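Since the structure is predicted, the reported quantities are computational estimates derived from the model, not experimental observations.
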Protein chains: 2
Amino acid sequence: MARTQGITIKDVARRAGVSITAVSHALNGKGTLSAATREHIREVADEMGYAADALARGMRSSTMGAVGLVLRSLDALGDYKPEGVDVFEKFVGAAASQALARGLSLMLVPDLTRAPVPPLTFSMDGYIITNPHRDDPVVALLDKRGIPYVTYGRAPGRPDFPYWASEDDAASARLVLDHLAARGARSIALVRGTDANAWNDEHEEAYAAWCAARNMPARLYELAERAGVGGGVDLARRITADGLPDAVFCLTGRHAAGVQEGLIAQGIAVPDQVMVVAGSDSEHSRGARPTISALELDPVGSSGALLDILQALIAGTEPAAPRITQAHLRERESTRRRPG
Amino acid sequence: MARTQGITIKDVARRAGVSITAVSHALNGKGTLSAATREHIREVADEMGYAADALARGMRSSTMGAVGLVLRSLDALGDYKPEGVDVFEKFVGAAASQALARGLSLMLVPDLTRAPVPPLTFSMDGYIITNPHRDDPVVALLDKRGIPYVTYGRAPGRPDFPYWASEDDAASARLVLDHLAARGARSIALVRGTDANAWNDEHEEAYAAWCAARNMPARLYELAERAGVGGGVDLARRITADGLPDAVFCLTGRHAAGVQEGLIAQGIAVPDQVMVVAGSDSEHSRGARPTISALELDPVGSSGALLDILQALIAGTEPAAPRITQAHLRERESTRRRPG
DNA sequence: CTGAAAGCGCTAACAT
DNA sequence: ATGTTAGCGCTTTCAG
């Protein structure tokens with residue numbers, strides 16, 4: 001196909017007894033038509049079930065009504081079906097429904113920089129890029145082509161780029177740290193990923209600041225995202241070797257699950273001896289025993305905000321950006337101690 | 001945007017010193033050009049980084065290099081982010097990567113029948129529809145527009161429609177039932193959903209046949225997909241009231257988790273008194289305690305097969321269809337009894 | 001206020 | 001073997 005079957009603007013024009021220009025203007029609210037003809041044309045078009053062909057419309061440098069979605073973090077993982085990594089799948093679902101609510105289609109484009117690029121790639125009205133990396137080639141490509149884009153999480157190394165939305169990572173980090181401190185934690189370790197994205201960087205920064213303000217030594221560990229649960233299990237050994245902290249804050253759910261598993265395997269009680277928190281909720285945090293407290297992100301709010309910004313960008317108006325959403329801490333067994 | 005920035009066929013033609021037709025033909029392997037010019041044109045085009053504009057190409061009734069994906073089951077649930085329903089999200093991920101591997105983009109189109117329809121909707125080369133219902137309006141719409149489509153799971157009530165792929169539901173059902181029988185189950189209840197799709201229907205049919213062949217009474221329960229875990233918990237009461245079976249086979253993971261929870265709440269031991277199996281693996285089956293044995297579908301294999309069929313359909317060649325994939329039973333604690 | 005006409009970039013008849 | 005040309009359906013000047 002790729003072609004609309006039926007009714008064209010010509011058909012409507014003929015039936016309404018006007019020119020195709022009139023139809024185009026009436027339906028797009030342009031030009032100078034009398035209210036009467038405008039109304040008449042609209043009625044005829046409705047009656048005929050006319051819908052402008054997106055391709056032809058796009059040809060005339062208008063818009064496609066479609067935006068692309070690039071899941072950078074999954075590109076980095078090199079796997080579009082990592083077990084239990086549901087943050088991105090949730091985001092896809094949320095973005096799709098938010099896009100529909102705005103009359104936009106959502107096109108999944110796994111990796112723009114790997115050839116061959118799918119044909120429609122550069123015809124999209126704009127792009128959402130999740131968790132761009134430092135010096136992200138996808139970002140560079142879109143910049144070069146002049147295609148508008150927004151990022152989920154700010155683009156690292158580009159402090160002036162305002163078109164992003166995200167949960168407030170610094171606030172999220174403090175939320176977790178305060179929660180742990182309220183439950184008696186005096187020494188908290190942070191386990192971040194190795195991807196150079198804002199998610200990792202901002203949490204680390206907030207953690208360092210929080211520790212400094214309390215004169216608490218920072219204990220920072222890095223663990224590759226793709227190391228998964230197994231990497232967490234191994235890391236637990238290193239953590240205990242460095243001296244048992246009161247709590248471990250892992251930015252990913254699978255690392256948290258692994259670290260907890262590793263701790264328990266060493267006979268350490270969670271939450272009694274060590275508390276564990278995950279920075280992003282996932283099946284791993286929910287399914288672990290004890291269940292792991294975790295930050296719940298706001299994919300619906302974030303993707304909605306991103307689409308708002310992107311639509312403004314496409315329309316050429318100045319968007320309110322960046323937009324910040326809030327994560328919530330879902331308390332579970334791994335931090336179930338009496339506060340105070 | 002919606003418009004490619006730079007290089008058009010014209011530019012290539014001028015630079016190569018030929019007509020635009022020559023370029024078009026050279027690049028599409030059509031017409032009658034000398035091997036020399038063909039080669040020359042290709043080189044020039046490559047050098048200039050030319051890529052045909054998908055829109056303009058689409059206009060000439062060619063193809064878009066993009067297929068749509070409609071997730072019917074989620075439409076029915078009325079919610080694109082149901083907790084723990086990851087079958088479809090996994091399918092989306094698998095389909096996206098399979099599409100990319102074939103040079104196709106994948107467009108998510110939540111519901112074709114609800115207005116307003118996103119503009120690009122009818123410009124797609126074809127569609128994948130997951131789990132179509134009986135008399136599905138989306139199917140009817142695509143038929144009417146003459147847009148090719150394939151279905152994940154056969155279209156109920158349309159036995160002659162061959163363009164589908166799916167795990168072998170009947171085989172899956174027998175796999176589960178044999179597994180349970182091998183562990184001593186003499187009375188097995190089936191809990192199916194209420195959606196009129198092949199998934200539910202075929203499992204039920206295979207179940208009935210299996211029971212009949214063994215002279216075992218069939219105990220069939222229906223539970224709405226959207227009733228979720230809570231519905232399963234409630235159903236457990238009805239099941240026990242009808243007399244405790246040796247095993248319960250729930251087609252969805254959330255129903256299985258609910259039923260198991262309900263049984264345990266009544267003091268019934270799983271798997272010792274009753275075994276529980278889920279027909280589709282999900283977070284609920286993995287996260288429950290005891291963990292629930294479940295069928296693992298093959299989203300990569302299925303979506304790959306669907307795209308093969310769809311591509312053939314689009315190209316106008318006769319595809320090998322339908323294509324059957326196999327589900328595997330993932331044994332977990334809920335059926336951990338000694339076989340025999 | 002309204003409409004004729006020129007393209008957008010491409011493909012495919014139809015010349016040459 | 002190569003080029004000319006007519007559109008695909010739409011938007012948008014620019015004349016009436």
Peer 1: Is a side-chain N or O of Asp46(A) found less than 3.5 angstrom from the main chain of Glu43(A), in a donor-acceptor match?
Peer 2: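 No, Asp46(A) side chain to Glu43(A) backbone: no donor-acceptor pair under 3.5 Å.
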Peer 1: Restricting to non-hydrogen atoms, name the atom on Ala45(B) and the atom on Leu27(B) that form the minimum distance, rounded to 0.1 Å.
Peer 2: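 What the structure gives for the nearest pair is CB-CD2, 4.1 Å.
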Peer 1: Do Thr21(B) and dT4(D) have a side chain to base donor-acceptor pair shorter than 3.5 Å?
Peer 2: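 Per atom types, the contact qualifies.
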Peer 1: Which heavy-atom pair separates Gly126(A) from Ile314(A) by the least distance, and what is that distance?
Peer 2: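 Looking at all heavy atoms of both residues, the shortest contact is N-CD1, 4.2 Å.
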Peer 1: Within the 4.0 Å heavy-atom criterion, would you say Ser34(B) contacts the bases, only the backbone, or no part of the nucleic acid?
Peer 2: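 Sugar-phosphate: the residue Ser34(B), judged by heavy atoms under 4.0 Å, touches backbone atoms but no base.
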Peer 1: From the list dT13(D), dC10(D), dC10(C), which nucleotide is the closest neighbour of the side chain of Thr8(B)?
Peer 2: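 Of all the options, the side chain of Thr8(B) is nearest to dC10(C).
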Peer 1: Starting at the 5' end of DNA chain C, which residue's closest nucleotide do you reach first, Ile20(A) or Thr37(A)?
Peer 2: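 Checking each residue's closest nucleotide, the 5'-ward one belongs to Thr37(A).
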Peer 1: Rounded to the nearest angstrom, tell me the gap between atom CZ in Arg57(B) and atom P in dC8(D).
Peer 2: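 So the two atoms are 20 Å apart, to the nearest Å.
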Peer 1: Would you say the side chain of Arg60(A) and the base of dG9(D) hold a donor-acceptor pair, judged only by whether the two atoms sit under 3.5 Å apart?
Peer 2: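 No such pair is found, so the answer is no.
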Peer 1: Can you check whether any acceptor in the base of dA12(C) is under 3.5 Å from a donor in the side chain of Ser24(B), or vice versa?
Peer 2: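 Answer no: no donor N or O sits under 3.5 Å from an acceptor.
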Peer 1: Rounded to whole Å, how long is the line connecting atom CG of Leu55(B) with atom C1' of dC10(D)?
Peer 2: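 About 11 Å, once rounded to whole Å.
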Peer 1: Arg14(B) CZ to dC10(C) P: how many Å, rounded?
Peer 2: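 Whole-Å distance recorded here is 12 Å.
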Peer 1: Report the distance from atom CZ of Phe122(A) to atom P of dC8(C), rounded to the nearest whole Å.
Peer 2: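 Taking CZ of Phe122(A) and P of dC8(C), I get 22 Å after rounding.
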Peer 1: May I ask you to evaluate whether Thr32(A) reaches the phosphate of dC1(C), defined as a side-chain N or O under 4.0 Å from OP1 or OP2?
Peer 2: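 Checking Thr32(A) against dC1(C): no side-chain N or O falls below 4.0 Å of OP1 or OP2.
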Peer 1: What is the distance, rounded to the nearest whole Å, between atom NZ of Lys10(A) and atom P of dG3(C)?
Peer 2: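 About 16 Å, once rounded to whole Å.
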Peer 1: For the backbone of Ala56(A) and the side chain of Arg60(A), can you confirm whether one donor and one acceptor N or O come within less than 3.5 Å of each other?
Peer 2: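 Flag not set: sc Arg60(A) to bb Ala56(A) has no pair under 3.5 Å.
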Peer 1: Looking at the side chain of Met59(A), which of dG3(D), dC10(C), dG9(D) is the nearest nucleotide?
Peer 2: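 Of the candidates, dG9(D) comes closest.
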Peer 1: Can you measure Ile7(A) atom CD1 to dC8(D) atom P for me and round it to whole angstrom units?
Peer 2: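 In whole Å, dC8(D) P lies 16 Å from Ile7(A) CD1.
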Peer 1: Find the distance between NE2 (His133(B)) and CH2 (Trp199(B)) and round it off to the nearest 0.5 Å.
Peer 2: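 That separation rounds to 14.0 Å.
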Peer 1: Rounding to an integer number of Å, can you tell me how far His25(B) NE2 sits from dG9(C) C1'?
Peer 2: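 About 15 Å, once rounded to whole Å.
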Peer 1: Please pick, from dG9(D), dC10(C), dG3(D), the nucleotide with the shortest atom-to-atom distance to any side-chain atom of Ser19(B).
Peer 2: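 The answer is dG3(D).
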Peer 1: Please state how far atom NZ in Lys30(A) lies from atom C1' in dT13(D), giving the value in whole angstrom units.
Peer 2: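 These atoms are roughly 12 Å apart.
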